[in-house]
Amino acid sequence: MSEQVFNKPKVELHVHLDGAFRVQTIMDIAKRRGIRLPADTTEEMAEYIILQKPATLTEFIGKFAVYMHVIAGDREAIKRIAYEFVEDKAKEGVIYIEVRYSPHLMANTQVDPIPWNQEVGDVSPDEVVQLVNQGLSEGERAFNIKARSILCCMRHMPSWSMEVVELCKKYRKEGVVGIDLAGDESLNCEAQTGHTQAYEEALRCGIHRTVHAGEVGPPSVVQEAVEVLKAERIGHGYRTIEDQNLYKKLLAQNMHFELCPVSSKLTGACDPDFTKHPIIRFRKDRANYSLNTDDPLIFNSTLQLDYSTVQDYMGFTEEEFKRLNINSAQSCFLPDKEKMDLLHKLYEAYGMVQDTAF
């Protein structure tokens, strides 16, 4: 595969902070904290973490348990992984990134249950957000990239969701731009009032909303995300095309889909044959979507791999890469003035006139 596919400024909207650590950082922090790992070298540890071949979403989610206990509950670690994340994205040519995570899954106090079998400590979800904000903003200054964050509710933990939206409100001037719902799509939101109430509050307060839906779940999950949770963007959404009425309706609404090609193969969300991927349909229909890495640590991937994959197997061209990045910027969760500045940078870098009809 060619090394430099679309070597121009890019926007990424769907990547999980806790799926984007450096393996070396996990090793360093485990050593400092005296935590035993299943491997002694970075290479061996990577073997435990990386999904080598298509699996199930359940197997994928199991990978987090291999290393999350190393980072969670440690202030220095949480700030460091946020800073390094920005550095890694800057190297990939990303000029604007929205990174998402669950504050509760990196905390060890004021969270029930305490995740990853940690001992009770003193790092709350609120402090996790502060630490990530610090790491991101230091990374922004060091690497000349704009980084914002999205806080995740977890489908299996509706009791956390109201706190997540409160953290979005509290830190909206310090880099938090939206709320997300991640996790097992088989858990119906209407039966879990915690999520619905949190999203109603987000809507009331003008907090931007995205939802993981239609990755492995049926189109009805996408419909629920749009109609019940009032999502402005859909995380993944591949299965939407199985319901043509819903798909056409969302195309007409210019709904933004956060697509993750390499991820969708390795989690078993889509046919492993990339030439049969639903993204081809999105491209042909000139849908509004972005290309994203999702969890680059677990997939051993970079944004470059996603771009080269869609170029090699799905007929993507330089023009389509420009179009999708402009759509990504238009669909990002920045305030209007910052969004216009971002769009201006892209148009300039792409040698395009800004009022082009996209």
Side-chain angles (χ1 to χ4, degrees), residues 14-19 57-58 60-65 67-69 71-75 77-78 81-82 98-133 148-172 174-205 207-213 215 217 221 224-225 228-233 235 295 333:
H14 188 118
V15 55
H16 293 262
L17 181 60
D18 47 5
L57 206 57
T58 310
F60 157 69
I61 287 166
K63 293 289 185 180
F64 290 90
Y67 62 85
M68 276 299 290
H69 62 291
I71 308 294
D74 188 274
R75 291 179 175 84
I78 294 165
I81 51 106
E98 287 178 4
V99 63
R100 60 189 70 193
Y101 65 97
S102 160
H104 295 74
L105 291 180
M106 284 198 266
N108 61 11
T109 189
Q110 293 173 34
V111 52
D112 182 26
I114 288 174
W116 319 115
N117 296 316
Q118 296 176 89
E119 296 290 312
V120 180
D122 60 359
V123 178
S124 65
D126 188 304
E127 193 177 357
V128 169
V129 178
Q130 292 176 44
L131 291 160
V132 171
N133 289 348
R148 297 291 181 267
S149 59
I150 294 170
L151 305 184
C152 295
C153 304
M154 302 304 297
R155 282 186 186 266
H156 68 292
M157 289 306 301
S159 58
W160 295 351
S161 292
M162 279 310 288
E163 192 178 348
V164 174
V165 79
E166 290 304 318
L167 290 169
C168 288
K169 285 154 69 171
K170 183 172 178 180
Y171 294 106
R172 67 195 307 176
E174 290 165 56
V176 176
V177 292
I179 194 168
D180 178 32
L181 178 60
D184 185 348
E185 284 188 62
S186 65
L187 300 170
N188 184 300
C189 288
E190 287 187 90
Q192 297 176 300
T193 54
H195 301 319
T196 321
Q197 285 170 348
Y199 269 74
E200 281 168 0
E201 179 65 6
L203 179 65
R204 192 184 70 76
C205 297
I207 288 161
H208 289 296
R209 302 159 307 285
T210 182
V211 173
H212 281 71
E215 180 180 11
V221 183
E224 178 185 72
V228 178
L229 302 178
K230 308 291 187 233
E232 299 164 86
R233 299 194 323 228
D295 296 275
F333 289 160

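Counting from 1, the numbers follow the sequence of the chain as shown. Bear in mind the structure is a predicted one, so any value in this text is a computation, not a measurement.
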Not counting sequence neighbours, which residues clear salt bridge (charged side-chain N to carboxylate O under 4.0 Å, His left out) with Asp18? List them please. none
If I take atom CZ from residue Arg233 and atom CD from residue Glu98, how far apart are they, to the nearest 0.5 angstrom? 4.5 Å
Heavy-atom closest pair, residues Tyr199 and Leu229: CD2-O, 3.3 Å
Lys170: partners by salt bridge (charged side-chain N to carboxylate O under 4.0 Å, His left out), with sequence neighbours left out: Asp126
What one should report as the nearest heavy-atom pair of Cys152 and Val164 is O-CG2, 3.8 Å
Exercise answer: donor-acceptor pairs, residues 104-111 side-chain atoms, under 3.5 Å, sequence neighbours excluded:
from	atom 1	to	atom 2	distance (Å)
His104	NE2	Glu163	OE1	3.2
Asn108	OD1	Asp122	N	3.1
Asn108	OD1	Val123	N	2.8

Residues forming a salt bridge (charged side-chain N to carboxylate O under 4.0 Å, His left out) with Asp180, sequence neighbours excluded: Arg100
Which residues share a side-chain hydrogen bond (donor to acceptor under 3.5 Å, both in side chains) with Ser161, sequence neighbours left out: His195
Enumerate the salt bridge (charged side-chain N to carboxylate O under 4.0 Å, His left out) contacts for residues 111-120, please, sequence neighbours excluded, ordered by first and then second residue. none
Between Phe333 and Gly178, the two heavy atoms sitting closest are CD1-CA, 4.2 Å
Do NZ/NE/NH1/NH2 and the carboxylate oxygens of Glu232 and Arg209 come within less than 4.0 Å? yes
CD1-CG distance between Ile179 and Leu167, expressed to the nearest 0.5 angstrom: 9.5 Å
To the nearest 0.5 Å, how far apart are CZ in Arg204 and CD in Gln197? 12.5 Å
